[in-house]
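Below is one structure, written out as structure tokens; comments come after it.
Basis for what follows: all heavy atoms, side chains included, without hydrogens, waters or symmetry-related copies. One-based numbering, in listed order, for ligands and for the atoms of each.
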Amino acid sequence: MKRIGVLTRDCAGVNACIRAVVRTAACYNIEVVGVFKGYEGLMNGEIKIIDRRSVSGIINLGGTFLKSARSKKFLTEAGQIEAVKNIKNNGIDGLVVVGGNGSLTGAHILASKYSIPLIGIPATIDNDINGVDLAIGVDTAVNVALDALDKIRDTAISLERIFVVEVMGRDCGYIALRVALAGGCEEVLIPEKEFDIKKMCEEITRGNTKGKVSWIIIVAEGKARACDIAEKITQITNLETREVVLGHIQRGGRPTAIDRILAARLGNFAVELLKKQESGKCVTLKDDKLVAFPLEEAIKPKDIEVENYYKLIKILT
Ligand code: F6P
């Protein structure tokens with residue numbers, strides 16, 4: 001193993017992970033090249049050497065200094081062949097792919113179909129990687145959303161209002177469930193669960209008659225738009241309702257200690273595995289121990305324990 005490539009998606013903690021990859025590799029005199037703009041950059045040959053110095057001062061920064069992009073072309077065979085050609089032409093002996101479902105699916109293709117030595121590191125605020133309790137970026141995203149929510153609660157209480165807060169999660173309600181539980185919210189609407197807006201409004205009206213004056217309802221973006229839910233609540237209950245969309249602020253920001261530590265450990269482990277000629281694996285922590293399991297498993301759908309979260313949120317409301 002003389003040269004490792006690293007390719008990333010963006011979320012808080014990814015920079016800390018790149019730093020861990022580069023500095024671990026440096027200890028073994030393995031050179032690291034950064035693949036800029038994800039799979040798009042891999043196909044276009046946007047590949048540059050990065051050294052210990054290139055990754056100084058980034059441990060506390062959100063995003064990814066390697067930049068990222070969503071790529072449709074990489075889903076095609078022609079795109080994949082381009083990517084493999086660039087891996088070979090750039091003398092890359094092993095690849096570390098840091099990202100979510102899409103990135104790890106791409107990683108699985110490169111490892112299984114084209115025999116590229118490769119380790120995947122889960123990094124996605126959605127926390128929807130199967131077999132992974134906590135992906136890089138999740139802790140920061142939930143804390144960013146929670147911080148915003150606490151501020152919204154100040155106004156909700158002061159002005160006796162209902163707030164509908166939209167959090168990220170196109171296909172997955174994980175952030176919504178965590179934020180609703182940590183924020184003491186009354187209701188949470190997620191893609192994985194049916195909901196009945198009339199029933200919810202009846203509960204609100206009943207509570208209001210008994211003197212309850214403010215509510216915070218979390219909605220995952222993949223389930224519905226906050227503005228539509230807020231409008232319906234006002235129509236049905238006649239109570240003042242506002243919507244807030246938190247959006248991409250959840251994906252950025254200064255990574256928490258949990259994310260930085262996770263990133264450091266997984267980045268280091270990925271290089272150790274490549275050195276041992278392991279490939280096609282996803283790394284994670286189980287009982288605080290580093291483990292690796294097949295990427296094929298990681299990209300299967302994940303059960304996020306919806307009912308357990310949901311029940312608890314309701315009990316504690
Ligand atoms: O997968 C992470 C995520 O932030 C989802 O929560 C969200 O639905 C999606 O990415 C947004 O993607 P984009 O930034 O490409 O609009």
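By the 6.0 Å and 45° rule, Lys2 does not stack over the aromatic ring of Tyr28. Relative to the ring axis of Phe195, Lys223 does not place its NZ or CZ within 45° and under 6.0 Å from the centre. Cation-pi geometry between Lys73 and Tyr39 is not met: the NZ or CZ atom fails to fall both under 6.0 Å from the ring centre and inside 45° of the normal.
Applying the side chain to side chain donor-acceptor pair (under 3.5 Å) test between Asp10 and each of Lys67, His248, Arg251 identifies Arg251 as the sole match. Shown are Lys275, Lys281, Lys276; of these, the side chain to side chain donor-acceptor pair (under 3.5 Å) with Glu278 is made only by Lys281.
Protein residues having a heavy atom under 4.0 Å from any atom of ligand 1 are Arg70, Ile125, Asp126, Met168, Gly169, Arg170, Glu221, His248, Arg251, listed by chain and number.
With hydrogens and angles ignored, the 3.5 Å screen pairs a side-chain donor or acceptor of Arg265 with a backbone N or O of Asp288.
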